[in-house]
Amino acid sequence: MTQISKRSRKGLVAVALAAVSLFGAAPASADTLRYDGAWFGSYFGTYNIRDGLPSTVNQNVYAGAFRMTDTSGPTLPAGTSFMAWCVDIRHMLNTGSTSYSLTDGAAFLGGLVASRLERLASYVVAADGNAATNTLQSTLTGGQQSAAFQLAVWEVVNEGTASAYNVNSGDFYVSSGDSSVRSLANTWLTNAMAWTGPSTQSLNVWAGPNSTQDLGVFAPIPEPETYAMLLAGLGLMGFVARRRRRI
């Protein structure tokens with residue numbers, strides 16, 4: 001596999017996912033994804049998570065961003081790696097030969113839940129002080145923050161349209177694990193839901209079959225000039241294709 005620098009790979013993933021997001025993550029051919037471990041080298045502690053709906057789930061888990069690699073394409077170039085998050089807690093992460101399809105976050109999770117997750121990601125990026133350019137990859141500085149963001153994602157997904165979020169209580173809650181991680185998750189949730197800044201992050205979900213874990217990915221929403229460049233590029237490609245057919 002051709003080696004790509006970490007900065008170039010992140011830029012490639014952001015542009016690729018943003019391009020997919022631009023067209024509503026229309027259904028594409030299924031891609032084979034491979035799990036390559038924790039994004040920050042190791043996970044920060046373990047957590048007991050509980051969910052009483054529709055039946056009780058009680059399990060000890062790692063929490064944090066992890067690295068997935070698209071080994072087949074065509075949605076992303078084969079060999080592209082990206083940061084992913086667990087969306088649900090009831091399924092297992094099956095990779096290597098499992099086919100995933102990229103789906104618009106709102107279509108998969110519902111508009112309100114998806115928009116709240118995008119607001120959470122946007123706030124966490126903006127809290128770093130540079131919402132215009134930063135991505136989650138550069139905003140999260142290590143396993144501790146990564147674990148907090150994963151707990152916050154689980155809280156929003158599993159509590160759904162609740163009026164307020166708290167990872168220590170409710171239908172979904174975290175009963176044990178690092179207290180500083182749980183506190184940071186709650187701080188981000190509280191601040192993000194009250195935040196009035198712009199949404200700068202777009203959510204898509206890699207949907208797996210049957211009992212396979214579904215994976216959330218966030219990418220920056222392209223600036224207006226980026227949209228124009230994408231559309232212009234696609235128009236040029238269409239023009240070239242039409243000329244070739246005429247020759």
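If you read the sequence from its start, that first residue is 1, and numbering goes on from there.
Of all heavy-atom pairs spanning L117 and L203, the tightest one is CD1-CD2, 3.7 Å. Taking every heavy atom of both residues into account, N191 and Y123 meet most closely at ND2-OH, 3.1 Å. Across L33 and M68, no two heavy atoms sit closer than the pair CB-CE, 3.6 Å. Of all the heavy atoms in V113 and G160, the pair that sits closest is CG2-CA, 3.8 Å. Nearest heavy atom pair, residue L151 against residue F172, reads O-CE2, 4.4 Å. The minimum heavy-atom distance linking Q145 with L140 is given by the pair OE1-CA, 3.4 Å.
Using a 4.5 Å cut-off on side-chain heavy atoms (C-beta onward), L102 and V205 make no contact. Within the 4.5 Å cutoff, side-chain heavy atoms of F149 are placed close to those of L120. Contact annotation: the side chain of E118 never approaches that of I221 to less than 4.5 Å [non-hydrogen atoms, C-beta and beyond]. Between N94 and Q213, every side-chain heavy-atom pair lies at or beyond the 4.5 Å cut-off. For the pair T95 and D36, the minimum side-chain heavy-atom distance is 4.5 Å or more. Using a 4.5 Å heavy-atom cutoff, the side chains of T139 and T135 are not in contact.
Between W154 and Y173, the gap from one ring centroid to the other reaches at least 6.0 Å. A ring-centre distance under 6.0 Å is not found for F40 and F66.
Of the N and O atoms on the side chains of T98 and T212, not one donor lies less than 3.5 Å from an acceptor on the other residue. No side-chain N or O of S72 forms a donor-acceptor pair with one of D31 less than 3.5 Å apart.
Interatomic distance, OG of S199 versus CZ of R116, reported as 13.5 Å (0.5 Å rounding). Note that CH2 of W188 and OG of S183 are 11.0 Å apart. Values are rounded to the nearest 0.5 Å. A distance of 12.5 Å separates CD of E155 from CZ of R182, quoted to the nearest 0.5 Å.
Looking only at distances, a side-chain donor or acceptor of E159 sits under 3.5 Å from a matching main-chain atom of D171. The backbone N or O of G197 sits less than 3.5 Å from a side-chain atom of R119, completing a donor-acceptor pair.
Between W206 and F82, the angle of the ring planes stays under 30°, which puts this pair in the parallel group of the 30/60° scheme.
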Q: Any chance you could lay out the side-chain contact (heavy atoms from CB on, under 4.5 Å) test for T80 and T69, step after step, and finish with the verdict?
A: CA-CA 6 Å; T80 301; T69 300; over 6 Å; no

Check residues 41-49 and write down every donor-acceptor pair under 3.5 Å in which the side-chain atom is one partner and the other belongs to a residue at least two apart or another chain.
unit_1, atom_1, unit_2, atom_2, d
Y43, OH, Y35, OH, 2.8
Y47, OH, F44, O, 2.7
N48, OD1, R50, NE, 3.2
N48, OD1, S175, OG, 2.6
N48, ND2, N58, OD1, 2.9
N48, ND2, N60, OD1, 3.1

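Under the 4.0 Å criterion applied to side-chain N and carboxylate O atoms, R34 and D70 are not assigned as salt-bridge partners.
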